[in-house]
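Inspection log for the structure reproduced underneath, given as structure tokens.
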Amino acid sequence: MTRTALESLLAGNARHVESLGVDHFDGVREAQSPAVVSVSCSDSRVPADAVWSADRAGELFTSVNVGNQVWTEVDGRLVVNDAVGYAVSALRTTDVVVLGHTGCGAVTAAYETITDGSVGDLPPAVEAAISRLVPLAEEARELGVFDADTPGGEAVNRLVEYAVVRQVEYLTESDEVPEATDCWGFVYDFQRVYGDDDGAAYLVAANGESDPDALADVAPEGFEGRVQSIR
């Protein structure tokens, strides 16, 4: 870490401290009970808490990883990841959000793996993360979500949405997630793919459902425009 980076981090934390009221952690200093766990990408353009304006302590449980993946691999099998598993079991969190984003680098790597055969040398953990997305890319191609004639950027964004939808389906079907849990899928848009509002999150899946007409029925009044699909 350079001295400039260290100074920037400490200065940023100082501003954070100054912004907190004396009662900011009242009620949650000893325990937490967030209603929502949100799984988003590590991409520096996706602010995990700010997407939802979640600025109250204890309001949102977050999982940030490469490709916003709700799963991981343990002993050779796919399981719900640690953050989601902990949230829905220990914290009794009632809602899970899968938040993908346009132009995702992890999804791009999975796409390039099946179209070009390789994305070059990657650290082992990153390679493992990408490998968990490759089957989704193969599924999407087989289903016609994209084909050889689809421009690369468009194909990636279609695949981003497909990956979110499939992960919501996975959560809905998983025995590790209580049946009463609501599972939502969104795509965070900063490329103006879904609309002209930078930073808007578009609902693409809900409890295993991804048909836009059906999703429009569950969208709160006034937010019908946040239901979109590009697949």
Side-chain angles (χ1 to χ4, degrees), residues 34 36-55 59-73 78-88 93 95-114 119-120 122-137 139-140 145-146 152-171 177 183-195 197-206 210 226 228-231:
V36 178
V37 52
S38 178
V39 183
S40 57
C41 188
S42 305
D43 193 293
S44 61
R45 298 164 293 183
V46 183
D49 296 330
V51 169
W52 313 114
S53 292
D55 51 10
E59 182 178 9
L60 183 70
F61 197 77
T62 57
S63 173
V64 179
N65 60 62
V66 172
N68 49 269
Q69 298 186 54
V70 300
W71 48 42
T72 189
E73 194 169 302
L78 214 57
V79 297
V80 171
N81 81 8
D82 50 350
V84 175
Y86 180 72
V88 299
T93 298
D95 292 69
V96 183
V97 169
V98 185
L99 180 65
H101 69 90
T102 52
C104 180
V107 172
T108 299
Y111 168 76
E112 291 176 348
T113 296
I114 70 166
V119 292
L122 296 171
V126 178
E127 187 174 342
I130 301 304
S131 72
R132 292 192 292 272
L133 295 174
V134 168
L136 295 184
E139 282 180 12
V145 174
F146 64 89
E154 181 181 339
V156 166
N157 284 325
R158 290 184 186 184
L159 184 51
V160 164
E161 183 178 318
Y162 181 79
V164 169
V165 169
R166 288 289 289 114
Q167 289 190 80
V168 171
E169 290 174 351
Y170 171 82
L171 290 171
V177 178
C183 302
W184 313 100
F186 291 87
V187 175
Y188 181 74
D189 188 11
F190 51 73
Q191 294 185 335
R192 301 183 179 178
V193 172
Y194 290 81
D197 293 335
D198 284 336
Y202 291 90
L203 182 67
V204 299
S210 59
R226 290 291 184 257
Q228 298 284 346
S229 175
I230 59 170
R231 291 187 295 132

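These numbers come from the heavy atoms of this one structure, side chains and all, not from hydrogens, waters or symmetry mates. Index from 1, following the sequence.
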Report task. Would you kindly say whether Tyr162 and Glu139 are connected by a side-chain donor-acceptor distance under 3.5 Å? Result -> yes
Query raised in the report: In Å and rounded to the nearest 0.5 Å, what is the OG to CD distance from Ser53 to Glu59?
Result: 9.0 Å
Requested in this report: Please list, chain by chain and in numerical order, all residues satisfying ring pair (Phe, Tyr, Trp, His ring centres under 6.0 Å) with Trp71, sequence neighbours excluded.
Outcome: Tyr170
**Report entry** Main-chain N/O of Phe190 paired with Thr102 side-chain donor or acceptor, under 3.5 Å
**Finding:** yes
Query raised in the report: What heavy-atom pair brings Ala137 and Ile114 nearest, and what distance separates the two atoms?
Result: O-CD1, 3.5 Å
Query raised in the report: Taking all non-hydrogen atoms of both residues, which atom of Ser63 and which atom of Ala83 are closest, and how far apart?
Result: CB-CB, 3.4 Å
Query - Exercise: identify the closest heavy-atom pair between Gly195 and Asp189 - result: N-OD2, 3.6 Å
Query raised in the report: Does the Glu161 side chain pair with the main chain of Val187, one donor and one acceptor, at a distance under 3.5 Å?
Result: no
**Report entry** Partners meeting salt bridge (Lys or Arg N to Asp or Glu O under 4.0 Å) with Asp49 (sequence neighbours left out)
**Finding:** none
Query raised in the report: Ignoring hydrogens and geometry, is there a side-chain-to-backbone donor-acceptor pair from Gln228 to Tyr202 under 3.5 Å?
Result: no
Requested in this report: Identify whether the distance between the nearest side-chain nitrogen and carboxylate oxygen of Asp197 and Arg226 falls below 4.0 Å.
Outcome: yes
Query raised in the report: Distance from Leu159 atom CG to Leu133 atom CG, nearest 0.5 Å?
Result: 8.0 Å
Query raised in the report: Ala87 and Val37: which non-hydrogen atoms are nearest, and at how many Å?
Result: CB-CB, 3.8 Å
Requested in this report: Could you list the residues that satisfy side-chain contact (heavy atoms from CB on, under 4.5 Å) with Val156, not counting sequence neighbours?
Outcome: Val107, Thr108, Tyr111, Val160
Query raised in the report: With a 4.5 Å limit on heavy-atom distance, are the side chains of Asn81 and Gln69 in contact?
Result: no
Query - Flag side-chain contact, heavy atom, 4.5 Å: Asn157 against Tyr194 - result: no
Requested in this report: Using a strict 4.0 Å threshold on nitrogen-to-oxygen distance, state whether Arg166 and Glu169 make a salt bridge.
Outcome: yes
Report summary line: Tested for side chain to side chain contact (heavy atoms under 4.5 Å, CB included) against Val39, the lone hit among Val64, Asn65, Leu99 is Asn65
Query raised in the report: Taking atom CD of Gln191 and atom CZ of Arg45, what is their separation to the nearest 0.5 Å?
Result: 6.5 Å
Query raised in the report: Taking C-beta and beyond as the side chain, do Trp52 and Val97 meet within less than 4.5 Å on heavy atoms?
Result: yes
**Report entry** Residue pair Ile130 / Ala110: nearest heavy atoms and the distance that separates them
**Finding:** CG2-N, 3.9 Å
Query - Within-4.5 Å side-chain heavy-atom neighbours: Val98 and Asn68 - result: yes
Query - Shortest non-hydrogen contact from Val168 toward Cys183 - result: CG1-O, 3.6 Å
Report task. Please examine the side chains of Ser40 and Tyr188, heavy atoms only from C-beta on, and report whether any two atoms are closer than 4.5 Å. Result -> no
Query raised in the report: Heavy-atom distance under 4.5 Å between the side chains of Glu73 and Ser131, does that happen here?
Result: no
Report task. Check for a donor-acceptor pair, side chain of Asp95 on one end and backbone N or O of Trp184 on the other, with a separation under 3.5 Å. Result -> no
